[in-house]
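Reviewing the structure listed below.
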Amino acid sequence: MEQPDVRLERVTKRFGDVTAVDDLSLSFERGGFVALLGPSGCGKTTTLRMIGGFEEPTAGTVFLGEQDVTGLPPYKREVNTVFQNYALFPHMNIHDNIAFGIRQRGASKHEVARQVPEMLDLVQLTGFERRKPTQLSGGQAQRVALARALINKPRVLLLDEPLGALDLKLRKQMQIELKRIQTEVNITFIHVTHDQEEAMTMADRIAVMNQGRIEQLGPPVELYEQPRTAFVAGFLGVSNLLLATIAGAGRVRFADGSEAAVPEEALRGAPDEVRIGVRPEKVRLSTTDDLTNVNGSNSINGTVRDVSYIGVSTQYIIDTPAGDELTAIVQNAGRGARHLDRGQPVQVLWDPEHTFVITDTAAVPTLEELV
Ligand code: ATP
């Protein structure tokens, strides 16, 4: 197998009494776009800073490729970092900002004249070379910061909430741009963010962090469709979790005695009590006088408690005798979409393969914990 680009082996970082990163091991393949995602204080920036050499681990080892770089200063590592505040040199024009790294390493005039335009082209800022950083918008400054880092051809590019200072629209544009640039240069990008949508838009793999540890690491679709812990389920979107006991191979029973089918392998090794999850957009609602398409679906009874029309979709909160409430999001695709009313009895339907199983007993994070 190919050597991973970045590998942390049992890395811990303590600041006094605070354990910011707790016995963390991970490895990232060459050329991927990885997001470290988690709430404020979960240790993602500290992890990034240890890869970059800005912090020393209290214990453990950091490898870049085959090299143990623990203890090496940032400039002796094949990494570059892009920060939220750009950190451009204010007195230098854009050309000289971008050329800085390779000039420091003794690049010839010819090399500078060849590489700087290439980088300007990569970040789509050709024509801006004579401007000063103060004459750029936030998005443009961030592109210069990227070009200035990438010209060094690092093994790994670290991005510390790089889009945090941009307004929402520009942020969305830059997410797509960043992904394009990463694909074009094929350098490993490690990106720190607390914004789950941003992580999902850009990353091939997301490491969800909580209290200094990785809860789950995988492609966005896997984390969303098959979260393994309540924390991951709650951090990536809204999830419905119902308490259940195991009723047999591939079957669970809810508090009201009703049963549901779940993928058999999801229950392998599970304790007797589990939580069954289904995403709100995977849920269908059927009124009791309209029993179509129930075959093969899981089905539990409920009553509409709340209806919110959000234009593109309608969100329903359903009380169920199975224990907890459920959220259903129904796309308003048809013309004059039919709405259910508060107090109306409904059947809540979903496909067994859309069910995930949570075996830990941790609480789902609250909204305050997610920021
Ligand atoms: P945020 O999104 O708010 O930046 P984060 O997930 O990046 O959060 P870290 O910055 O890695 O979290 O911090 C993890 C923990 O370590 C926090 O409790 C933080 O207060 C603490 N911490 C980080 N840096 C230091 C430091 N230099 N001195 C003391 N404590 C620190």
Side-chain angles (χ1 to χ4, degrees), residues 6-26 28 33-62 69-74 77 79-87 138 142 145 156-168 171 174-175 178 188-203 205-218 220 223 227 229-237 362-371:
V6 179
R7 188 155 62 88
L8 302 190
E9 221 176 74
R10 306 205 58 179
V11 166
T12 294
K13 177 69 187 180
R14 285 190 207 94
F15 296 103
D17 295 344
V18 178
T19 303
V21 173
D22 189 6
D23 198 16
L24 186 104
S25 295
L26 53 75
F28 297 138
F33 198 137
V34 186
L36 299 180
L37 174 68
S40 182
C42 72
K44 49 195 190 300
T45 304
T46 305
T47 303
L48 195 82
R49 290 173 60 81
M50 288 192 288
I51 299 170
F54 303 103
E55 288 306 344
E56 279 234 30
T58 314
T61 319
V62 179
V69 296
T70 326
L72 285 188
R77 301 185 182 201
V79 290
N80 276 95
T81 308
V82 174
F83 298 97
Q84 188 183 116
N85 61 5
Y86 323 129
Q142 195 53 278
V156 181
L157 185 74
L158 305 176
L159 301 128
D160 190 0
E161 300 253 5
L163 311 181
L166 306 179
D167 68 44
L168 188 66
R171 215 180 150 113
M174 279 300 290
Q175 288 170 6
L178 261 179
T188 304
F189 279 28
I190 305 179
H191 175 249
V192 159
T193 180
H194 59 265
D195 179 337
Q196 52 114 348
E197 209 180 305
E198 182 163 305
M200 290 187 107
T201 306
M202 294 193 287
R205 297 219 295 158
I206 300 176
V208 178
M209 291 190 67
N210 183 23
Q211 298 186 341
R213 290 169 175 265
I214 290 184
E215 290 258 330
Q216 193 170 347
L217 172 63
L223 265 57
T229 66
F231 184 85
V232 174
F235 201 76
L236 293 170
V364 177
T366 61
L367 270 181
E368 293 75 50
E369 286 167 327
L370 296 184
V371 278

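These numbers come from a predicted model, not from an experiment. Ligands are counted one by one from 1 in listed order, and the atoms in each one are counted from 1 as well. No hydrogens, no waters, no symmetry mates; every other heavy atom, side chains included, goes into these values.
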Around [atom], find the nearest protein heavy atom and jot down its residue, atom name and distance.
atom                    : value
atom 14 (C) of ligand 1 : G41 O, 3.5 Å
atom 3 (O) of ligand 1  : S40 OG, 2.6 Å
atom 11 (O) of ligand 1 : T46 OG1, 2.5 Å
atom 23 (C) of ligand 1 : F15 CE1, 3.4 Å
atom 16 (O) of ligand 1 : A20 CB, 3.2 Å

Closest to atom 2 (O) of ligand 1 among Q211, E55, K44 (heavy-atom distance)
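Nearest option to atom 2 (O) of ligand 1, by heavy atoms: K44.
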
Heavy atoms only: which of N210, V18, D17 lies closest to atom 18 (O) of ligand 1?
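Selected option, by shortest heavy-atom distance: V18.
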
Check whether any protein heavy atom sits under 4.0 Å from atom 20 (O) of ligand 1.
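Given the 4.0 Å limit, the answer for atom 20 (O) of ligand 1 is no, no protein heavy atom qualifies.
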
Looking only at heavy atoms, what is the nearest atom pair of [X] and [Y], with distance?
X    : Y    : result
V62  : T70  : N-OG1, 2.9 Å
L178 : P162 : CD1-CG, 4.4 Å
V6   : I190 : CG2-CD1, 3.9 Å

Counting from 1, what ligand 1 atoms have a heavy atom of P39 closer than 4.0 Å?
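Reading through ligand 1 atom by atom, the close ones are 6 (O).
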
R14 (side chain) donor-acceptor with T58 (main chain) under 3.5 angstrom
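Here the side-chain-to-backbone pair does not exist.
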
Do K44 side-chain atoms and G38 backbone N/O form a donor-acceptor pair below 3.5 Å?
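Present.
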
Side chain, backbone, both or neither: which applies to T45 and ligand 1 if a contact is any heavy-atom pair less than 4.0 Å apart?
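It is both parts that get close, each with some atom under 4.0 Å.
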
Within 6.0 Å of CZ in R205, more than 12 heavy atoms from elsewhere:
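Counting other residues, nucleotides and ligands, CZ of R205 exceeds 12 neighbours.
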
Contacts of E198 that satisfy salt bridge (Lys or Arg N to Asp or Glu O under 4.0 Å) - sequence neighbours left out
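Only R171 meet the salt bridge (Lys or Arg N to Asp or Glu O under 4.0 Å) criterion with E198.
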
Below 3.5 Å, can you tabulate the donor-acceptor pairs from side chains in residues 208-218 to any protein atom, sequence neighbours excluded?
| residue | atom | partner | partner atom | Å |
| --- | --- | --- | --- | --- |
| N210 | ND2 | E215 | OE2 | 3.1 |
| R213 | NE | D22 | OD2 | 3.2 |
| R213 | NH2 | D22 | OD2 | 3.4 |
| E215 | OE1 | T229 | OG1 | 2.7 |
| Q216 | OE1 | R228 | N | 2.7 |
| Q216 | NE2 | Q226 | O | 3.2 |

Is G43 near ligand 1, meaning one of its heavy atoms is under 4.0 Å from it?
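G43 counts as a contact of ligand 1 under the 4.0 Å cut-off.
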
